[in-house]
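These numbers were taken from a predicted model, which means no experiment stands behind them. When a ligand or atom number is given, it counts from 1 through the structure's own listing order.
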Amino acid sequence: MQCDFFLGATSLILDGDASILSLQQVCINGEEISGDTKMQVEQDKLTIHNVTEPAEIRITTRFNAKENTELAGLYKSGDNFCTQCEAEGFRRITYFPDRPDVMSTYTTTIHADREKFPVMLSNGNLVSKQKVSSKDSSMHSATWHDPWPKPSYLFALVAGNLTATRDTFCTQSGKNVDLVIWTDPHNAHLTAHAMYSLQRAMKWDEDRFGLEYDLDLFNIVAVDDFNMGAMENKSLNVFNSRLVLASPDTATDLSYEQIESVVGHEYFHNWTGNRITCRDWFQLSLKEGLTVFRDQEFTMDLHSRPVARINDVRNLRSRQFAEDKSGMSHPVRPISYEKIDNFYTATIYEKGAEVIRMYYTLLGKEKFRKAIDLYFERHDGQACTTDDFFAVMSEVSSVPLDGFERWYTQAGTPVLKASSEYLKDTQQLRLSLQQVLPTPPEAHPVEHMGPQFIPVSTGLLDDNGNDLPLTSYSYQEDSGQTITTTVDQGTTTAVLPFKAFSGEFLINNVPQKPAAVSLLRDFSAPVVLHYNQTAEELQHLAKHDSNPFNRYESTQKLARLAISASYYQESNHATTFNEALATTHGNALEREDNSKTVTKLDPAAVAQMLSLPSIEELGPLLIQDITDSPKDPLLDPLLLNGVRTQAIQTTAEAIENDLLQTFNATTEALHQLEYEPHGVQTGLRSLKGQIINRLVALDEHKHANRAHAMFETATNMTERMMALTALSHSTSNYRTDALDQFYQRWRTEQLNVIAWLGVQARSEVVNNVSKVRALLSHESFDMRTPNKVYALIGGFSTSPANFHAADGSGYEFLADSVLAVDQINPQVSARLLGPFTTANNYQPLYRDGMVQQLLRLERASLSGNASEIVGKALR
Ligand code: ARG
Ligand code: ZN
């Protein structure tokens with residue numbers, strides 16, 4: 001490769017991992033060097049002395065890719081070779097300045113057995129292909145050249161017996177790009193959806209951001225063994241096969257959606273990540289937060305914006321808010337790490353995307369685009385920081401962004417406390433706001449923490465549920481000066497720029513007392529909102545709010561209040577909120593008179609309104625005081641799970657007939673339609689799935705047969721899995737029958753087998769741990785395949801009843817599994833440890849059980865990846 005990296009010192013220090021590499025030869029300008037005075041090899045580096053001028057350095061290494069079970073560097077997946085170099089995999093291939101700010105151009109020549117490896121790929125363009133390699137007559141060779149300078153983490157190489165699915169894309173300037181998706185030959189028929197997703201992504205990036213692809217070829221390779229989702233290597237994306245392959249019988253609606261979004265995500269990295277990369281790994285969110293924001297917008301523009309927003313917020317709350325309450329809590333721009341691979345987190349990705357979304361909310365669509373244009377104009381070809389990005393946004397924003405930068409540096413989820421009062425005399429609504437920041441982990445002293453800039457999207461509803469028009473709002477600054485801001489005419493949502501620890505906004509010209517205040521519309525900031533609202537106000541909002549997100553949020557809030565009241569045994573409140581919740585669920589199911597539609601509202605949105613907040617979402621909220629009155633800072637997960645299930649049952653009981661009616665209506669409507677993974681039918685299926693779960697949870701004796709019938713008549717994987725999931729939590733014979741049938745029918749399809757392992761692992765049936773242990777030795781399970789490990793072991797940890805079993809068997813199972821996986825793949829074992837990092841949130845019975853296992857792990861000699869997480873879980 002052509003690399004201008006030069007330290008100016010007399011020694012060249014190159015990264016390399018001696019646990020896998022064996023160094024064969026080093027030549028400088030054609031001459032071999034050896035001996036301690038010339039060079040030194042250590043565990044993690046190679047130092048070459050006396051390199052004072054630009055030189056050609058040739059380094060030869062050997063390693064065994066077959067035994068590379070960590071799946072970092074160059075490794076074998078099935079019969080094929082592939083690479084994963086982000087973050088620090090390139091140093092497992094050769095010695096190199098393996099850091100993102102060293103950008104080089106690469107020319108790659110591959111020599112391989114002609115029969116076994118007919119396909120040989122690397123980044124950029126194919127320069128030449130030789131039928132007979134210069135090395136050996138049974139080999140052939142190929143040379144690739146990538147003209148774009150890039151950091152080593154974007155290098156890729158693939159060799160194997162792969163089949164191509166080909167198509168093209170014509171760019172906005174009229175250039176034809178060849179698109180190829182490479183798979184194992186028997187999977188080539190499963191690539192159509194990924195190909196179409198890629199074409200849509202390329203078009204969308206042109207339309208929405210003016211960004212055009214910059215080479216003549218774009219490859220995607222699907223591999224079965226992959227630690228994460230996918231990787232944006234320049235022009236040679238490597239994907240976990242579950243995010244490429246799809247057919248109605250192997251993929252659910254959700255998988256189709258994920259494929260589209262991840263294909264988009266990796267493609268979008270070509271500009272946000274590859275053309276402009278990161279100066280160092282502390283800046284990881286510069287590319288990941290921004291690219292997640294872009295893939296979220298892609299989904300929103302292609303499908304339903306509110307439905308997508310709700311999914312994104314659910315995901316943020318259950319994963320990132322939980323992370324903020326764990327030993328792994330860290331800022332969007334971390335201040336330290338032991339293993340960078342442990343920092344591909346919900347905070348870097350999802351909270352990072354929320355930070356970008358706040359810029360977007362504050363600048364508005366047009367100015368945001370202007371700022372992004374400026375970002376590319378100024379920084380194309382550079383390795384940048386989040387400060388560079390902030391500077392560009394600040395320059396273009398008409399709202400001063402002071403305090404915004406703290407979103408990058410301060411860890412944790414802020415609590416936004418709000419109260420409101422109608423001032424009749426002056427016809428104003430007073431909104432008092434306060435932000436409370438979490439106590440940060442050591443390294444970052446509290447006294448340095450300042451208020452974060454929180455955009456608060458606000459609207460007011462009248463008694464009929466209509467939005468009140470807004471004209472202006474006033475804010476009293478610390479200096480005592482009052483500033484009045486006019487809002488655009490016709491606007492019914494104002495974005496209040498709240499940047500102090502506490503302050504008051506006065507919304508002017510409000511002629512009557514609003515029936516309800518709609519705060520934080522579209523979830524305009526990643527905060528926990530504390531705002532006292534009555535059950536009536538919440539019902540009013542759930543029914544009428546013009547902001548679909550807040551309609552959803554109001555039902556969620558009713559559910560949170562109902563669950564928290566039961567949890568704390570406040571039976572009066574519990575009854576009130578449970579009743580209100582059942583009523584809103586009933587309302588959501590309402591169908592239009594004389595109409596063929598199943599529900600008045602978008603069925604996908606109804607499904608979301610019916611779903612209760614997950615345990616992961618509720619946990620942090622309960623201990624951070626859901627109702628503004630902290631009761632017990634330590635969580636009882638079994639009690640929480642129990643009251644949540646109760647809430648599901650109570651509300652289902654109250655509207656059982658509505659549920660049954662809608663269940664039948666969705667069945668009938670779906671029966672008329674041929675399966676497609678998009679459009680209104682996906683909403684119908686998600687509603688149907690939601691309902692069957694509720695019904696079986698309500699009374700399995702009465703409803704398990706319905707789920708079984710749904711399973712047997714299903715014509716697609718989505719409904720099959722929904723029925724199987726509902727049955728998986730029951731103890732009825734239907735459960736075993738359906739599981740057996742499923743395995744017999746689909747055991748040759750890897751993705752189905754993985755889903756089958758997962759659904760059994762997540763079961764809430766008590767003592768499921770022994771079943772899951774038994775599955776470890778099932779013919780279909782393989783500890784070396786990350787997808788299977790995540791499904792079975794990772795899946796098990798999400799079952800509250802079994803993971804938190806009072807006898808500690810769930811914790812023991814996780815620790816045993818981590819010990820076994822860690823020998824094979826440290827990145828995977830470290831990820832499995834996630835559920836232990838919240839140990840300190842739980843009551844002693846649970847916490848001590850987890851700590852006991854963590855101490856056991858600490859005594860074992862774990863990998864660096866796993867021990868970093870164990871250490872953080874214990875602190
Ligand atoms: N950059 C990839 C993506 O988000 C993630 C790769 C992370 N891999 C790793 N081993 N840490 O698209
Ligand atoms: Zn990414």
Please list all pairs passing the salt bridge (Lys or Arg N to Asp or Glu O under 4.0 Å) test where one or both residues lie in residues 69-82, with sequence neighbours left out.
-> E70-R92

Sorted by first residue and then second, give each ring pair (Phe, Tyr, Trp, His ring centres under 6.0 Å) pair with at least one member in residues 272-293; sequence neighbours left out.
-> Y153-W281, F282-Y337, F293-Y360, F293-F368

Kindly give the atom name of the N, O or S atom of E288 closest to the Zn ion (ligand 2).
-> OE1

Check whether the ring centres of F298 and F268 lie less than 6.0 Å apart, and answer yes or no.
-> yes

Please determine if R831 forms a cation-pi arrangement with Y790, meaning its NZ or CZ atom is less than 6.0 Å from the six-membered ring centre and no more than 45° off the ring axis.
-> yes

Step-by-step side chain to side chain donor-acceptor pair (under 3.5 Å) determination, Q827 to D341 = CA-CA 7 Å; Q827 279 189 40; D341 289 321; 3.2 Å; yes

Partner set under side chain to side chain contact (heavy atoms under 4.5 Å, CB included) for N274, not counting sequence neighbours | L154, E232, K234, H269, N270

Any side-chain heavy atom of F836 within less than 4.5 Å of one from L857?
-> yes

Would you mind listing each N/O atom of ligand 1 next to any protein N/O under 3.5 Å, plus the distance?
unit_1	atom_1	unit_2	atom_2	d
ligand 1	1 (N)	E86	OE1	2.5
ligand 1	1 (N)	E232	OE1	2.7
ligand 1	1 (N)	E232	OE2	3.4
ligand 1	1 (N)	K287	NZ	3.4
ligand 1	1 (N)	E288	OE2	3.0
ligand 1	4 (O)	E288	OE1	3.2
ligand 1	4 (O)	E288	OE2	3.3
ligand 1	4 (O)	Y349	OH	2.5
ligand 1	10 (N)	E86	O	3.3
ligand 1	10 (N)	Q827	OE1	3.0
ligand 1	11 (N)	D341	OD1	3.1
ligand 1	12 (O)	E232	OE1	3.3
ligand 1	12 (O)	H265	NE2	3.4
ligand 1	12 (O)	E266	OE1	2.8
ligand 1	12 (O)	E266	OE2	2.8

Rounded to the nearest 10 degrees, what's the angle NE2 of H269 makes with NE2 of H265 at the Zn ion (ligand 2)? Could you check?
-> 100°

